[in-house]
Novice: 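Dumping the structure here so I can ask a few things about it.
Letters A, B, ... are given to chains in the order of the sequence lines, protein chains preceding strands, and every chain is numbered from 1. Source: prediction; values computed, not measured. Any value given below was found using the heavy atoms of this structure, including those in side chains, with hydrogens, waters and symmetry copies removed.
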Amino acid sequence: MKDYFKNVWLGVWTALIGMRITIDHLFRKNVTVQYPNVHPKDKAGWMDMPSNARNRLYVDMDECNGCNSCARACPVNCISIETVRSVPGDAPPPLASGGKRNLWVSQFEIDFTKCCFCSLCTEACPTGAIVMTTEFEYSSYNRYDLVYNFVKLQNSMSDEKIAEVKEKWAEHQKEKKKEAVEPK
Amino acid sequence: MGLLNRLNDPIGLDGIIFGTVEDLLNWGRSKSDWYLQFGLACCAIEFMAVNASHFDMMRYGCIPRSSPRQADFVIISGTVTLKMADRLKRVYEQMAEPKYVIAMGSCANSGGPYWEHGYHVLKGVDRILPVDVYVPGCPPRPEALQEGLILLQKKIRMEEIFRKRKRLAEEDLANQMNYK
Amino acid sequence: MEEANFVFNMIGENWIAFAIISLLPMIFLLAYALIAILGELKISAFIQERLGPMRTGPWGIIQPVAEVVKLLQKEDITPDSANKPLFNLAPFIMFAASYAGFAVIPFSSYFVPSGINLGLFFLLAVGSLGIIGLLMGGWASNNKYSLLGGLRAVAQIVSYEIPAAMVILTIAVMAGSLDLQEIIRQQSGWFWNWFVFGGSGGWIKIIFLPFSFIMCIIYIIASLAETNRTPFDIPEGESELVAGYHTEYSGMKFAMFFFAEYANMFIVSAIITIIFFGGWNSPFGDFMGGPIWGVFWFVSKAFVFVFLQIWLRWTLPRLRVDQLMYVSWKVLLPFSFVCFLALSLLVMLK
Ligand code: SF4
Ligand code: SF4
Ligand code: SF4
């Protein structure tokens with residue numbers, strides 16, 4: 001009997017305690033951040049985006065020498081690089097940081113629908129061409145818009161140029177073969 | 001969309017009367033999106049964060065419904081395994097028109113980390129459902145999902161009800177042909 | 001009761017007057033539903049330190065309009081294996097039952113849609129009519145979750161009718177009448193004449209104050225259960241039964257259920273106001289009295305209880321089914337018996 005009344009009393013009393021807590025919260029300042037108006041990238045915003053945030057990748061095509069290290073490091077194989085070797089005497093312009101370059105990078109695609117933003121590629125890159133940025137707003141209506149071809153995007157090589165270097169390399173190969181055959 | 005363009009032909013399908021009604025209907029649908037709770041894997045954690053106080057999905061008029069009959073769109077957040085794909089399709093078919101789909105995270109977009117060797121994972125939810133917005137990320141930031149939500153609302157706002165214009169997705173497909 | 005209706009006084013007792021009288025509560029109900037939906041969204045948000053709808057009009061105040069426009073456009077699904085006539089009828093029965101309750105609600109001393117002298121009894125009877133709609137919807141959907149939700153709703157509402165009926169019986173004894181206007185008139189004057197403070201009468205009623213308080217609390221709890229609000233929302237518990245009895249409903253039919261739920265919320269708040277808190281009486285004697293202020297007092301008192309229901313919903317978790325039955329049969333019922341006896345004694349002593 002005593003337990004029964006105690007139970008009933010506790011039932012009512014704890015409900016009242018809960019109601020006091022919620023009414024307290026009703027008049028507190030809310031913590032919501034109104035995203036499109038307050039942007040996390042703003043300094044004045046609620047939070048400065050940390051420099052190691054895992055967001056969209058960026059490849060500086062002036063820095064990339066086409067070594068394919070990033071594609072090999074990638075655990076999900078979402079980077080696909082195509083390179084064309086240059087013929088002697090027609091080397092690509094040197095890297096922006098000064099290094100020598102032997103390969104034309106004719107295609108550098110990252111599929112952001114597959115990427116898991118692990119940042120392993122940025123660590124593998126010898127020249128620091130591939131980096132994580134703070135850009136995260138790139139939702140799209142179309143899955144194929146999320147495949148970024150950085151060669152096209154930065155216009156580092158036009159289609160004609162790619163065709164031209166491919167032709168040159170093929171000719172060079174032919175000549176080499178001829179040279180290899182002729183002396184005999 | 002402008003009201004002024006419609007002054008030329010006030011009665012016609014593009015005119016003020018139908019045009020304004022259409023705007024009103026689209027406005028209602030875009031501002032009141034009830035979503036179906038469909039959290040599947042790690043992305044669902046971020047999805048919960050969007051629901052919680054700090055990001056507050058209800059600001060966009062999104063109210064969670066657990067019955068697919070009452071939901072307007074479904075956020076597929078996480079890895080869709082082949083076993084779940086079957087259920088997902090069924091749940092989607094039970095939703096009432098007009099219905100929309102947001103694919104959240106790499107796994108829902110294309111299979112993500114499992115796209116190559118995942119014997120058990122659906123390689124992109126667009127193989128079974130018409131996806132309206134793809135939100136990239138693994139997982140996407142809460143703000144990224146909110147941006148996807150805003151894109152979806154924009155898309156609903158631009159829909160044409162009376163002229164049955166082809167849906168935006170088809171135009172995108174055409175663009176994609178040019179792009180490729 | 002003719003003089004209790006200003007419409008009859010103005011245009012006489014003809015069919016136009018009847019049409020206006022039956023439409024006035026509907027207009028009120030529509031306005032109230034929009035306010036209550038926005039209130040629910042905003043209060044829930046503020047309690048959780050969120051902001052709630054913000055992007056539909058300034059501070060999201062036209063969000064309910066958007067919801068209605070959306071619900072009008074949604075596809076209306078009738079499942080193939082459902083029992084179609086019952087399935088389509090259920091939401092309308094549900095809504096009709098709650099709207100019928102408005103027939104006897106006295107908004108002011110000069111306006112009550114139908115001044116029958118059995119008002120309290122009518123409310124009790126019509127209030128339980130909604131169960132039929134719930135059970136019909138749950139059964140006709142041919143869905144196990146709907147069926148379970150419908151059954152739970154019936155079990156819950158039937159068992160909570162009894163404490164509620166005990167409370168109403170007590171009020172009938174205290175007021176000596178079942179006419180709502182008469183009950184309200186007996187509570188006129190200052191707020192200590194309200195039935196929650198034992199009604200008008202001498203100092204002897206102070207001894208009986210705890211009993212009338214407990215009576216009021218019992219009725220609030222029972223009315224929460226009758227309207228399926230949290231913590232008694234097990235018929236639509238989202239974590240167990242997808243959405244309970246309205247799992248299969250979409251579009252406008254779901255909106256009818258939704259609407260009926262909010263209408264029910266107002267009806268029970270109105271009953272609490274009438275039988276315990278003096279209806280359209282001003283709390284401060286003649287200050288701001290009169291029929292026009294009466295509407296204000298009545299609606300604002302009822303809104304306090306609507307707010308209380310929303311507040312409770314975002315405070316308490318859901319009960320288990322056995323706990324629900326325990327509360328009804330083992331707690332509320334004995335307590336209401338004791339209070340009934342005590343308050344009857346008070347009536348005899350007065
Ligand atoms: S971040 Fe990881 S998954 Fe993405 S491209 Fe780089 S290595 Fe590949
Ligand atoms: S590792 Fe760096 S330099 Fe090498 S291909 Fe990748 S981005 Fe270019
Ligand atoms: S995309 Fe990444 S975070 Fe999202 S479910 Fe897949 S693995 Fe998890």
Side-chain angles (χ1 to χ4, degrees), chain A residues 1-50 53-56 112-113 117 133-143 145-146, chain C residues 39-56 58-60 163 210 213-221 224-225 229-232 304-305 307-320 322-324 326-336 338-339:
Chain A
M1 204 61 200
K2 208 176 134 207
D3 274 0
Y4 171 80
F5 281 109
K6 206 178 149 201
N7 260 344
V8 172
W9 170 246
L10 275 183
V12 176
W13 183 243
T14 48
L16 288 178
I17 291 177
M19 287 169 76
R20 206 205 65 222
I21 292 172
T22 43
I23 200 81
D24 192 23
H25 280 261
L26 182 60
F27 295 110
R28 273 208 205 152
K29 199 175 169 333
N30 44 52
V31 295
T32 306
V33 177
Q34 304 204 50
Y35 152 68
N37 312 339
V38 181
H39 200 277
K41 278 202 270 186
D42 294 347
K43 275 272 190 250
W46 58 282
M47 164 182 157
D48 207 5
M49 184 90 75
R54 293 159 61 236
N55 293 309
R56 188 166 74 184
F112 286 110
T113 65
F117 304 93
T133 61
T134 50
E135 179 58 47
F136 59 89
E137 297 156 292
Y138 53 113
S139 306
S140 87
Y141 294 127
N142 182 356
R143 176 172 156 182
D145 286 352
L146 292 174
Chain C
E40 174 106 46
L41 292 177
K42 279 291 188 188
I43 292 171
S44 72
F46 288 150
I47 282 180
Q48 295 168 0
E49 297 183 15
R50 295 184 286 131
L51 280 170
M54 283 297 283
R55 295 169 65 80
T56 319
W59 279 78
F213 269 136
I214 290 175
M215 222 51 186
C216 181
I217 291 173
I218 287 174
Y219 191 77
I220 289 175
I221 294 174
L224 278 178
R229 298 283 298 179
T230 329
F232 305 105
V304 168
F305 291 100
F307 172 73
L308 184 74
Q309 289 184 343
I310 295 174
W311 179 12
L312 270 169
R313 170 165 184 190
W314 298 100
T315 302
L316 298 176
R318 188 176 302 137
L319 296 183
R320 257 187 353 242
D322 62 323
Q323 291 167 334
L324 180 94
Y326 179 91
V327 170
S328 168
W329 294 105
K330 288 193 168 171
V331 180
L332 296 188
L333 201 55
F335 271 75
S336 63
V338 172
C339 294

Novice: Could you tell me if the side chain of A:T22 sits less than 4.5 Å from the side chain of C:W314, heavy atoms only?
Specialist: no
Novice: Rounded to the nearest 0.5 Å, what separation is found between the CZ atom of A:R20 and the OG1 atom of C:T315?
Specialist: 12.0 Å
Novice: Quick check on A:V8 against chain C: is it the side chain, the backbone, both or neither that has a heavy atom closer than 4.5 Å?
Specialist: side chain
Novice: Between C:L51 and chain A, with a heavy-atom cut-off of 4.5 Å, which part of the residue counts as in contact: side chain, backbone, both or neither?
Specialist: both
Novice: Give the minimum heavy-atom separation between A:L26 and C:I43, together with the two atoms involved.
Specialist: CD1-O, 4.1 Å
Novice: Can you tell which of A:Q34, A:R28, A:M19, A:K29 has the highest number of heavy-atom pairs within less than 4.5 Å of chain C?
Specialist: A:M19
Novice: So A:Y4 and C:V331, do their side chains get closer than 4.5 Å, heavy atoms only?
Specialist: yes
Novice: Would C:R50 and A:T32 satisfy side chain to side chain contact (heavy atoms under 4.5 Å, CB included), going step by step from the backbone distance to the final call?
Specialist: CA-CA 5 Å; C:R50 295 184 286 131; A:T32 306; 3.9 Å; yes
Novice: Heavy-atom distances under 4.5 Å only: say whether C:P317 touches chain A with side chain, backbone, both or neither.
Specialist: neither
Novice: Which region of A:I21, side chain (C-beta onward) or backbone (N, CA, C, O), has a non-hydrogen atom less than 4.5 Å from a non-hydrogen atom of chain C, or is it both or neither?
Specialist: neither
Novice: Can you tell which part of C:L319 gets under 4.5 Å to a heavy atom of chain A, answering side chain, backbone, both or neither?
Specialist: neither
